[in-house]
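Have a look at the structure below before the remarks.
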2 protein chains.
Amino acid sequence: MRHHSPSTTNRQRAPSKRAVQTKTRIFDAAEQLFAERNFEGASLRDIAAKADVPVALVSFHGGSKNALFHAVVERRADALSKLRLKRLTDLKTSGKPVTARNILECTLLPHLEKVIEDGPQWLAYVRLIAMVSADPRWHDISKACFDPTAAHFIDELSKIYPETDKTAIATSYVFSVSAMLSLCTSTWRISALSNDTSKADLAGMSANLIDFCAAGMHSVLRPK
Amino acid sequence: MRHHSPSTTNRQRAPSKRAVQTKTRIFDAAEQLFAERNFEGASLRDIAAKADVPVALVSFHGGSKNALFHAVVERRADALSKLRLKRLTDLKTSGKPVTARNILECTLLPHLEKVIEDGPQWLAYVRLIAMVSADPRWHDISKACFDPTAAHFIDELSKIYPETDKTAIATSYVFSVSAMLSLCTSTWRISALSNDTSKADLAGMSANLIDFCAAGMHSVLRPK
DNA sequence: GTCTATATGTAGATAGAC
DNA sequence: GTCTATCTACATATAGAC
């Protein structure tokens with residue numbers, strides 16, 4: 001059973017407030033530990049300890065370890081897709097020209113803004129996505145959670161560059177997303193390589209990200 | 001003890017040919033399994049089975065699991081750095097203009113060419129590096145194995161863009177490396193998103209990679 | 001919904017024969 | 001250098017009291 005829900009299939013009552021809080025604490029702890037230590041590196045005991053609940057409660061709210069992992073990834077995927085697609089709709093109804101740069105902003109900025117606003121949970125989620133994307137064992141989650149929206153954005157790009165083949169478009173889309181993820185997972189490296197001891201300025205760097213990807217994409221996609 | 005070597009600290013004889021082959025089989029198996037399943041996901045028993053040796057031999061040649069992991073990452077890091085730096089030296093003595101694009105080729109192409117020539121082992125190594133770069137637990141390996149060479153390339157870029165601050169240079173360097181890694185770890189995704197059922201053409205895609213990164217870098221680094 | 005207790009498997013590491 | 005056998009610890013999962 002891939003999707004676990006507590007108790008039986010037909011739930012009788014809405015869960016109590018306390019139960020919801022407990023479940024949230026468990027999912028938040030799982031999100032952080034999976035992101036830090038990968039799937040096998042984070043034990044259910046570690047997760048329970050971080051959430052300050054007994055181990056059995058983790059299984060109760062999350063089901064098997066595998067189901068818990070899936071649920072944790074899926075938890076924010078929906079919200080993220082909605083934010084991206086809404087931004088795209090807003091762009092198209094705004095009357096502004098629909099350029100590759102504007103589309104990139106719709107794809108890349110929502111997650112970055114969540115990291116900047118909400119702090120550690122969404123940063124952990126970036127790490128988790130980076131992990132899921134790179135690990136062949138989780139390709140099915142990746143496909144289910146992110147490919148539909150990605151396909152939508154790639155279609156938009158095809159309209160702007162109708163002569164360009166889809167593989168080139170998909171390639172530069174993947175480059176852009178990976179650059180966004182690395183901006184969050186590798187700030188430590190950027191600081192080390194630039195001898196910059198000050199706290200990383202994500203907001204400032206996201207301007208660089210958009211410049212980099214927009215120029216890169218334009219170079220790859222424009223008719224030669 | 002971080003670095004393990006078989007037998008005592010003062011080795012008496014060179015290892016036999018068979019012993020070297022055994023050790024290579026173990027390291028190759030470890031490289032593939034660590035790349036596929038991460039550190040905790042690959043057990044010493046799995047590695048031993050893949051290398052077709054008894055478990056105790058893995059400990060004998062690799063030391064503790066942690067030491068084995070370090071050794072597997074370090075094994076190819078040296079060769080890779082040498083290839084990159086040699087290519088840079090060749091460029092500078094060739095009389096050709098030293099551009100950001102040329103420097104990027106020195107950084108990104110050696111590993112890609114190894115993947116194309118040598119096949120699965122170097123592809124596994126790409127995955128391993130992607131994993132090590134993203135996982136906070138392995139930052140020290142990353143720093144030791146790759147930062148010195150990275151710093152060298154960033155210095156070269158500073159010479160071309162003397163007005164640009166180092167953080168911007170380091171940022172676009174990190175974007176470029178992550179795009180290279182994602183080209184190898186996410187071919188499956190590129191194929192899925194472009195409905196391209198044919199076998200991935202890494203060589204063709206690396207032209208796109210260089211175009212993307214060179215244009216992106218130029219856009220971020222040129223004086224405004 | 002929450003928690004204690006436990007069943008069952010498999011992990012990393014090493015001792016010691018060859 | 002190689003291999004068998006085993007020690008000890010910790011993993012996931014669940015049964016059953018509250």
Side-chain angles (χ1 to χ4, degrees), chain A residues 1-30 33-34 36-72 137, chain B residues 1-30 33-34 36-72 137:
Chain A
M1 173 175 50
R2 215 180 92 224
H3 292 282
H4 165 89
S5 46
S7 131
T8 54
T9 38
N10 291 349
R11 183 182 298 124
Q12 303 294 342
R13 289 189 314 227
S16 69
K17 257 177 215 159
R18 182 153 101 89
V20 172
Q21 287 174 350
T22 303
K23 183 168 177 172
T24 302
R25 277 216 319 286
I26 290 169
F27 273 52
D28 286 351
L33 289 176
F34 283 143
E36 274 172 32
R37 309 182 197 166
N38 210 311
F39 183 70
E40 294 86 353
S43 73
L44 296 181
R45 293 171 138 76
D46 295 336
I47 293 166
K50 184 159 193 124
D52 198 32
V53 296
V55 242
L57 261 195
V58 177
S59 299
F60 179 77
H61 287 287
S64 73
K65 193 182 183 184
N66 231 291
L68 173 64
F69 187 84
H70 275 77
V72 166
R137 296 175 296 169
Chain B
M1 174 172 50
R2 211 170 106 223
H3 291 282
H4 165 89
S5 46
S7 129
T8 54
T9 38
N10 291 349
R11 184 183 297 123
Q12 303 295 342
R13 289 189 315 227
S16 69
K17 257 177 215 159
R18 183 153 102 88
V20 173
Q21 286 175 351
T22 303
K23 184 167 176 173
T24 302
R25 278 217 316 288
I26 290 169
F27 272 52
D28 287 352
L33 290 175
F34 282 143
E36 274 173 30
R37 309 183 197 165
N38 212 308
F39 183 70
E40 293 86 355
S43 73
L44 295 181
R45 291 175 150 79
D46 295 337
I47 293 166
K50 185 161 193 124
D52 198 31
V53 297
V55 242
L57 262 194
V58 177
S59 299
F60 179 76
H61 286 287
S64 74
K65 192 182 184 185
N66 231 290
L68 174 64
F69 187 84
H70 274 76
V72 166
R137 296 174 296 168

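Naming convention: chains lettered A, B, ... in sequence-line order (proteins, then strands); numbering from 1 in each chain.
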For the side chain of [X] and the backbone of [Y], is there at least one donor-acceptor N/O pair under 3.5 Å apart?
X      : Y     : answer
B:K65  : B:A42 : yes
B:D46  : B:S43 : yes
A:R137 : B:R37 : yes

At less than 4.0 Å, is any side-chain N or O atom of A:S43 found next to OP1 or OP2 of D:dA11? Yes or no.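 It does, given that an N or O in the side chain of A:S43 lies less than 4.0 Å from OP1 or OP2 of D:dA11.
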Please confirm whether the shortest side-chain N or O distance from B:T22 to OP1 or OP2 of D:dT2 is below 4.0 Å.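 For B:T22, the contact criterion (side-chain N or O under 4.0 Å from OP1 or OP2 of D:dT2) is met.
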Which value, rounded to the nearest 0.5 Å, describes the distance between B:L33 atom CG and B:L44 atom CG?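 Answer for the CG-CG pair, B:L33 versus B:L44, is 10.5 Å.
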[X] [atom1] to [N] [atom2], straight-line distance once rounded to whole Å:
X     : N      : atom1 : atom2 : answer
A:I47 : D:dA11 : CD1   : P     : 11 Å
B:D46 : C:dA11 : CG    : P     : 6 Å
A:L44 : C:dG9  : CG    : P     : 18 Å
A:H61 : C:dC3  : NE2   : P     : 9 Å
B:D52 : D:dC3  : CG    : C1'   : 13 Å
B:K23 : D:dG1  : NZ    : P     : 10 Å
B:R18 : D:dC3  : CZ    : P     : 6 Å
B:L33 : C:dA11 : CG    : C1'   : 15 Å

Looking across every strand, which nucleic acid part, if any, lies under 4.0 Å from B:A56 by heavy atom: base, sugar-phosphate, or nothing?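 B:A56: base contact, heavy atoms under 4.0 Å.
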Kindly assign one of parallel, tilted or perpendicular to the pair B:F39 and B:F69, based on the angle between their ring planes and the thresholds 30° and 60°.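 Judged by the thresholds at 30° and 60°, the geometry between B:F39 and B:F69 is perpendicular.
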Consider the side chain of [X], meaning its heavy atoms from C-beta on, and name the nucleotide among [options] that approaches it most closely.
X     : options              : value
B:R45 : C:dG1, D:dT6, C:dC3  : D:dT6
A:F60 : C:dT14, C:dT2, D:dG1 : C:dT2
B:L57 : C:dT2, D:dT2, C:dT14 : D:dT2

